[in-house]
Asker: 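Take a look at this one; I'll ask things after.
All ligand and atom numbering here is 1-based and tracks the order in the structure.
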Amino acid sequence: MANRGNWGGKLGFILAAAGSAIGLGNIWKFPYITGIHGGGAFVIVYLICILLVGLPIMMAEIYFGKMTQKSPVGAFKHFESKKIISKQFYLVGWLGVISSILVLSFYSVVAGWAWHYLYLSFNGFSGTDAEVTSLFGKLYVNPYIQLGWHTLMMVVTVWIISKGVSKGIEKASKVLMPILFIILLGLMFYSLTLSGGMKAVRFMFYPDFSKIDAEGVIQALGHSFFTLSLGMGAMITYGSYLKKDVNIVKSSIIISILDTVIALVAGVMIFSIVFSYDLKATSGPSLIFKTLPVIFAKMPGGQIVAILFFILLIFAALTSAISLLEVAVSYFVDEKNWTRKKATVVIGLFIYLLGILSAISSLKIMNETYLDFFDNITTKYFLPIGGLFTILIFAYGIDHKAKMEELNLNPLVYQLFNWTIRIITPAVLIFIILNKMGVFKA
Ligand code: PHE
């Protein structure tokens, strides 16, 4: 078998896994969905979802990886050989590989927008509000510019992955993640000094339950999943490079806390800026690409804040993109015995070509752009289905003794955990999937 590689150390693993989790989901998506769904109450529901759904699946995925030392397809094959599952379950591993390819193809295009906005920030945003806002529309209808940035994003991602687990992923995460933490903290402290700072904190942490509806609950559930990179085997893959001495429970808790704190901090920062200039929190997906630049054009020091903000966004996207590519690459390395270089270049090129569809916003499939289509089928269906099977196999397939030994929880906590993963987590996931399929409307 080809040499698969290992993490150099525990910190490297934590930073890489946190890097995977912390991405566009935290800095772009979480703030805008919180804005749409009214703030505090949504945040509380989201935190509950992280605890009851995200955290258990994260533990299950890391456990599968660490135990089998394989990426998703290999891990499920291993379980079949142990008679824990039947052969059809390979499909779940496969679904993970396919999801990672689809997600990266559009994720790279959205990350490309961040690159473009970094470039725009260097010239500074100026002009009327309408002019600044229209920059996004101009980018969106221009396939050439989007392709240019998509190319750059994929080249950097492929380059990092081709260097391997410890020299590529781990090294990049150790450089990018601390810078990301520092920039974000700096921006948060700065934004709290603005007049809207306290209003933002109140908006995020003071729950008004009359503002959240069923749609908000479903969003919170789905997002808790995407933001922790679950349901497609990214954490199985990262877990498979672990040496034996890492505590799964502790690592999963640290990764989930880091991801959650970064999302909350990003939210406070963005809403402080938005409220200071009396703008609306409800503008949706364009919140950071249309609303923020309008303010960057007005606020003192806005250009520097803009540059730092978009660097932050690019770093966050990059450490997630590498984890997406790694899932597909590790499949070909593990199961097809390809060398890492060959797998990285071939799969990277394939994803790049697929991404072209998302970069051309005039192309449509079933009345949606490819970007929305790939986003919807993966986040609404593939990831929750992947997660559901993962938790079912973990809860019902793996025997208690093995889990107790590895997780090392006190017996009472283990019982609580056991019932959560047997009943609550799967029930919640089935609820999301059926709702998305339109079987019933919440
Ligand atoms: N967690 C990443 C984010 O929040 C996205 C992602 C999903 C990465 C699935 C890998 C796997 O942006």
Asker: Just to be sure I understand the cut-off, which residues have at least one non-hydrogen atom under 4.0 angstrom from an atom of ligand 1?
Answerer: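 Ligand 1 pocket, heavy atoms under 4.0 Å: S20, A21, G23, L24, G25, N26, Y107, F226, T227, S229, M232, S320, S323, L324.
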Asker: Ignoring hydrogens and angles, state whether a donor on the side chain of N6 or S166 is under 3.5 Å from an acceptor on the partner side chain.
Answerer: no
Asker: Sequence neighbours left out, cut at 3.5 Å: what donor-acceptor pairs do the side chains of residues 302-321 make with other protein atoms?
Answerer:
{"unit_1": "Q303", "atom_1": "NE2", "unit_2": "S121", "atom_2": "O", "d": "3.0"}
{"unit_1": "Q303", "atom_1": "NE2", "unit_2": "F122", "atom_2": "O", "d": "2.8"}
{"unit_1": "T319", "atom_1": "OG1", "unit_2": "G19", "atom_2": "O", "d": "3.0"}
{"unit_1": "T319", "atom_1": "OG1", "unit_2": "F315", "atom_2": "O", "d": "3.2"}
{"unit_1": "T319", "atom_1": "OG1", "unit_2": "A316", "atom_2": "O", "d": "3.2"}
{"unit_1": "S320", "atom_1": "OG", "unit_2": "G19", "atom_2": "O", "d": "3.3"}
{"unit_1": "S320", "atom_1": "OG", "unit_2": "S20", "atom_2": "O", "d": "2.9"}
{"unit_1": "S320", "atom_1": "OG", "unit_2": "I22", "atom_2": "O", "d": "3.2"}
{"unit_1": "S320", "atom_1": "OG", "unit_2": "Y107", "atom_2": "OH", "d": "3.4"}
{"unit_1": "S320", "atom_1": "OG", "unit_2": "A316", "atom_2": "O", "d": "3.3"}

Asker: Should K163 and E170 count as an ion pair when the cut-off is N to O under 4.0 Å?
Answerer: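 E170 and K163: not salt-bridged.
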Asker: Can you list the residues that meet the ring-ring contact (aromatic ring centres under 6.0 Å, His included) rule with F296, with sequence neighbours excluded?
Answerer: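 Per chain and number, F296 pairs via ring-ring contact (aromatic ring centres under 6.0 Å, His included) with no residue.
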Asker: Check each of T227, I432, V428, L221 against C49 using the side chain to side chain contact (heavy atoms under 4.5 Å, CB included) test, and report the only one that passes.
Answerer: L221
Asker: For K77, check side chain to side chain donor-acceptor pair (under 3.5 Å) against everything at least two apart and list the hits.
Answerer: E335
